[in-house]
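Counting starts at 1 for both ligands and their atoms, in listed order. What's counted below: heavy atoms across the whole structure, side chains too, no hydrogens, waters or symmetry copies.
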Amino acid sequence: MSGPILPGATVGVLGSGQLGRMFAIAARRMGYRVHTFSPDDDTPTGQVADREIRGAYDDLDAVRSFAQGVDVVTFEFENVSSAAAEAAAEHAPVRPAGCVLHTTQNRLREKGFLAGAGFPVAPFAAVRSAAELTAALVRLGAPAILKTAGWGYDGKGQVKIAAPEEGDAAWDSLGVRGGDEAVLEAYVDFERELSVVAARGLDGACAHFGVIANDHSRHILDVAVAPAPVRPDTAREAVEIACGVLEELKVVGALCVELFLTRDGRLLVNELAPRPHNSGHLTFDACVTSQFEQQLRAICGLPLGATEMLRPAAMANLLGDLWQGGEPDWVAACRFPEVKLHLYGKATPRPGRKMGHLTALAQSAGEARDRVLAARAALTAGRT
Ligand code: ADP
Ligand code: MG
């Protein structure tokens, strides 16, 4: 096998959002060049990359020529087709490999993989028609959640079904096209949502950032806190699941496992993201090595960095809604000396759109949470 991809080399990122932006910042800090490929321009990643290349993900020739110009390809957007990943792989190593994307970009394949490998998941069923949904509702019971198999994010492409007779309406509202699949999942009455971000190197070494506790609002991550306030055995089990998933999928790169902690103390895997994750943004300010630097180290074949948390931390997302009454008061947030402001360079603040985040450091996770929420409130406090 060839040696590590060293500083000075060029890393290609498929996708151009905030995950790519923070990855590019980490990569440039270590002396790498970064190229980004996506259908857009003036993107969050493109603004900090050496080159921003515009093209469609299904334009395989454009993907090939992008890959020709870099030493390794990674991605921050997981809905790249297998064909595009294969086209890129003709010219540069793709890490994680296309088969990892293939498994994780479709909820049915992902759940099939998890259940087959013995990882705990909530009961689920594949559904291709309203009739199949009715049958699945009998089997799984209500409440349940119906999700499109592909393309969902931030709660898009899913609908909760409170009672069996709501099945037909739910099927219609999801708008699944003929031939496409959906998955019905039993509704989990969870105590908490947790995540574990981990990375696996080319040599198979695995490093994780411990357990993060996540609060969602309108199905979008709102606040993440680390270390998560869970029992040590729960934390140990969550980390074991995450490292097991990375090993089973032979991931080279970063991956996040989203989990539910049920009220009776069981862990269930909700979903996987084969890349850095919103809940891991706090590692940028709170850990010796961030999730983005770890992704870089992994895909370049470098040794992984220490994941130790220097201080407890909390992250609060800044969604476009905050801009509704005008530009948020950035000075007010900067008055909190232990709060770090991250903005992604997006021009248009639509409701629900992730525009940036704040990270607070403190003596305890609870204190960090209070602090980050106070800083976020200060952004709009001056409004009448
Ligand atoms: P995505 O993050 O891709 O939009 P998720 O499957 O993670 O999709 O769902 C988003 C959120 O919806 C979850 O974080 C959780 O709050 C809620 N949710 C999803 N599936 C279930 C479930 N089976 N039971 C209870 N809540 C769920
Ligand atoms: Mg999710």
Handout entry: Residues R376, D222; criterion salt bridge (charged side-chain N to carboxylate O under 4.0 Å, His left out); working and verdict
Key = CA-CA 11 Å; R376 186 169 66 179; D222 184 36; 2.8 Å; yes

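- Relative ring orientation between Y57 and F77 is described as parallel, the plane-to-plane angle staying below 30° on a 0-90° scale split at 30° and 60°.
- Here the side chain of D50 pairs a donor or acceptor atom with the backbone of V34 at under 3.5 angstrom.
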Practice task
Begin with the C-alpha distance, continue with both residues' side-chain angles, and end with the deciding distance and a verdict on ring pair (Phe, Tyr, Trp, His ring centres under 6.0 Å) for F66 and H91.
Solution key: CA-CA 9 Å; F66 171 72; H91 300 286; over 10 Å; no

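- Under the side chain to side chain donor-acceptor pair (under 3.5 Å) criterion, R51 pairs with no residue at all, not counting sequence neighbours.
- By the side chain to side chain donor-acceptor pair (under 3.5 Å) test, Q363 is found to be paired with R311, residues two or more places apart in sequence or in another chain being considered.
- With respect to the Mg ion (ligand 2), E258 has OE1 as its nearest N, O or S atom.
- Minimum-distance N/O/S atom of E271 relative to the Mg ion (ligand 2): OE2.
- Partners of H342 under the side chain to side chain donor-acceptor pair (under 3.5 Å) rule, at least two apart in sequence or in another chain, are D285.
- Residues with a heavy atom under 4.0 Å from ligand 1: R107, I145, K147, G152, Y153, D154, G155, Q158, E185, A186, Y187, V188, F190, E193, H216, H219, E258, F260, N270, E271.
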